[in-house]
Amino acid sequence: MAQPLCVPRNVAENARAHAAVVRAAGARVVVFPELSLTGYELDTPVVSVDDPWLVPLVEACAETGTLALAGAPVAGDHIAMLAVTGDGVTVAYRKMWLGDAEARRFRPGDTPAVLTVDGWRVGLAVCKDTGVVAHAERTAALGIDVYAAGVLESAGDSAVIDLRAQRIAAAQRVWVAVASFAGSTGGGYTEAAGRSGIWTPQGTVYARAGTTPGELVSASIG
């Protein structure tokens with residue numbers, strides 16, 4: 001779970017930062033926060049899966065064998081989670097539950113998504129999805145081992161991350177992994193929560209980052 005420093009609307013710079021995280025993490029899967037490639041700037045142009053600015057991140061994933069799950073606006077328009085590997089970029093998931101400001105531009109996705117990584121089933125979520133019981137239930141019904149989310153909360157609402165993660169883990173008996181935005185970004189988030197974390201299927205905290213951009217936490221499950 002990564003919470004890199006984000007430069008508003010600068011996909012090229014953010015993709016390079018994501019690539020550096022991927023190399024430093026040495027992990028099979030690295031999850032990034034909501035809209036991590038652009039910041040929470042709701043007027044930012046959509047990011048194409050063949051955008052040349054994403055090449056450094058693709059190259060880093062090729063070198064390390066990593067699947068990176070990064071946040072970006074995509075055509076439709078949707079708030080999405082991109083799946084980046086050494087083979088390229090695909091849109092893995094479109095956020096299903098939108099905030100009020102988001103809904104003025106974006107459309108909700110219409111289906112849960114699961115990726116299989118080395119035999120492990122990883123369900124995907126973006127921010128408000130984690131607060132909707134039906135989302136976790138529908139995603140878990142597809143058969144998952146891990147529920148992975150990229151989120152953005154203000155520092156004053158950091159407890160929301162814990163409450164939602166604990167509830168999902170305990171109800172669905174799965175690992176929950178949350179990459180939470182740190183630093184500042186648009187939409188009034190002058191101080192984002194950070195505190196990315198990983199919870200066991202029993203709902204207990206396994207690993208937790210602090211509030212500073214650049215922190216990283218990881219777990220090995222088996």
| said: Taking Ile198 as the starting point, is it possible to reach Val117 by hopping between hydrophobic residues whose side chains are less than 4.5 Å apart? | reply: yes
| said: Are there over 12 heavy-atom neighbours, none belonging to Trp53, within less than 6.0 Å of that residue's CH2? | reply: no
| query | Shared ILVMFWY cluster between Phe181 and Leu124, side chains joined below 4.5 angstrom? | reply | yes
| request: Write down the atom of His18, the atom of Ser36, and the distance for their closest heavy-atom approach. | output: NE2-OG, 2.8 Å
| said: Between Arg164 and Glu153, does the salt bridge (charged side-chain N to carboxylate O under 4.0 Å, His left out) criterion hold? Intermediate values first, please. | reply: CA-CA 12 Å; Arg164 292 177 177 180; Glu153 297 288 352; 3.6 Å; yes
| To the nearest 0.5 Å, what is the distance between OG1 (Thr111) and CZ (Arg138)? | 6.0 Å
| query | So which heavy atom on Glu34 is nearest to which on Cys127, and how close? | reply | OE1-CB, 3.2 Å
| message | Please check: side-chain N/O of Glu215 versus main-chain N/O of Thr212, any donor-acceptor pairing under 3.5 Å? | response | yes
| said: With side-chain contact (heavy atoms from CB on, under 4.5 Å) as the criterion, how do Leu5 and Asn14 come out once you've worked through the C-alpha distance, each side chain's angles and the decisive distance to 0.1 Å? | reply: CA-CA 8 Å; Leu5 181 67; Asn14 293 327; over 6 Å; no
| task | State, to 0.1 Å, how close Thr211 and Ala193 come at their nearest heavy-atom pair, and which atoms those are. | result | CG2-O, 3.6 Å
| said: Would you say that Leu67 contacts Leu115 through its side chain, given a criterion of any heavy-atom pair below 4.5 Å between the two side chains? | reply: yes
| query | How long is the gap from CG on Asp129 to CE on Met81, to the nearest 0.5 Å? | reply | 9.0 Å
| message | One pair to check against side-chain contact (heavy atoms from CB on, under 4.5 Å): Val22 and Leu57. What are the steps and the verdict? | response | CA-CA 8 Å; Val22 164; Leu57 181 53; 3.9 Å; yes
| Could you state the interatomic distance from CD (Glu41) to OG1 (Thr185), rounded to the nearest 0.5 Å? | 4.5 Å
| request: Calculate, to the nearest 0.5 Å, the distance between atoms SG and CZ belonging to Cys61 and Arg23 respectively. | output: 9.0 Å
| field | side-chain contact (heavy atoms from CB on, under 4.5 Å) between Val146 and Arg121, worked out | value | CA-CA 6 Å; Val146 181; Arg121 302 270 292 170; over 6 Å; no
| task | Group every Ile, Leu, Val, Met, Phe, Trp and Tyr by side-chain heavy-atom contacts under 4.5 Å, then state whether Leu37 and Val7 land in the same group. | result | no
| said: Could you tell me if the side chain of Ile79 sits less than 4.5 Å from the side chain of Arg94, heavy atoms only? | reply: no
| task | Tell me whether Val29 is reachable from Val174 by hopping between hydrophobic residues (I, L, V, M, F, W, Y) whose side-chain heavy atoms are closer than 4.5 Å. | result | no
| query | Where the side chain of Asp77 meets the backbone of Phe106, is there a donor-acceptor pair that is under 3.5 Å apart? | reply | no
| field | Side-chain donor or acceptor of Asp157 paired with backbone N/O of Val160 under 3.5 Å | value | no
| message | Between Thr139 and Ala136 (side chain of the first, backbone of the second, donor and acceptor by atom type, cut-off under 3.5 Å), is there such a pair? | response | no
| task | Please check if the side chain of Arg195 supplies one atom and the backbone of Gly210 the other of a donor-acceptor pair under 3.5 Å. | result | no
| message | With a 3.5 Å distance limit and no angle check, can you tell me whether Asp145 reaches the backbone of Trp120 through a side-chain donor-acceptor pair? | response | no
| said: Tell me whether the count of non-hydrogen atoms from other residues, nucleotides or ligands lying under 6.0 Å of CD in Glu63 goes above 12. | reply: yes
| Are any of the side-chain heavy atoms of Trp175 and Thr200 separated by less than 4.5 Å? | yes
| query | Any idea which heavy atoms bring Ala149 and Val31 closest together, and the distance? | reply | O-CG1, 3.9 Å
| request: Identify the residue among Lys128, Lys95, His78 that makes a side-chain hydrogen bond (donor to acceptor under 3.5 Å, both in side chains) with Glu102. | output: Lys95
| Looking at side-chain heavy atoms only, is the closest gap between Leu69 and Phe32 below 4.5 Å? | no
| How long is the span from the CD1 atom in Ile144 to the CD atom in Gln172, to the nearest 0.5 Å? | 7.0 Å
| field | Steps toward side-chain contact (heavy atoms from CB on, under 4.5 Å) verdict (Val126, Val151) | value | CA-CA 6 Å; Val126 177; Val151 310; over 6 Å; no
| request: Search all heavy atoms of Val47 against all heavy atoms of Val74 and return the closest pair with its distance. | output: O-CG1, 3.8 Å
| request: Please name the pair of heavy atoms, one in Ser180 and one in Gly194, separated by the smallest distance, quoted to 0.1 Å. | output: OG-O, 2.7 Å
| query | Judged by atom type as modelled, is there a donor-acceptor pair below 3.5 Å linking the side chain of Thr44 to the main-chain atoms of Thr38? | reply | no
| message | Main chain of Gln3, side chain of Ser196: is a donor-acceptor contact present, judged purely on distance under 3.5 Å? | response | no
| task | Taking the side chain as every heavy atom from C-beta outward, state whether Tyr189 and Ser184 have any pair of such atoms under 4.5 Å apart. | result | no
| query | Tell me, do Val133 and Glu137 make a side-chain contact under 4.5 Å, heavy atoms counted? | reply | yes
| message | Taking the basic N atoms (NZ, or NE/NH1/NH2) and the acidic carboxylate oxygens, is any pair closer than 4.0 Å for Asp43 and Arg9? | response | yes
| How about Asp51 and Ser48: does a side-chain donor come under 3.5 Å of a side-chain acceptor? | no
| So do Trp199 and Ile161 actually touch side chain to side chain, heavy atoms under 4.5 Å? | yes
| message | With clusters defined by side-chain heavy atoms of hydrophobic residues (ILVMFWY) lying less than 4.5 Å apart, directly or transitively, does Val217 cluster with Tyr206? | response | yes
| query | Hey, are His135 and Tyr147 close enough side-chain-wise for a donor-acceptor pair under 3.5 Å? | reply | yes
| request: Check whether any side-chain heavy atom of Val178 sits under 4.5 Å from a side-chain heavy atom of Thr130, and report yes or no. | output: no
| query | So does Asp162 pair up with Arg167, basic N to acidic O under 4.0 Å? | reply | no
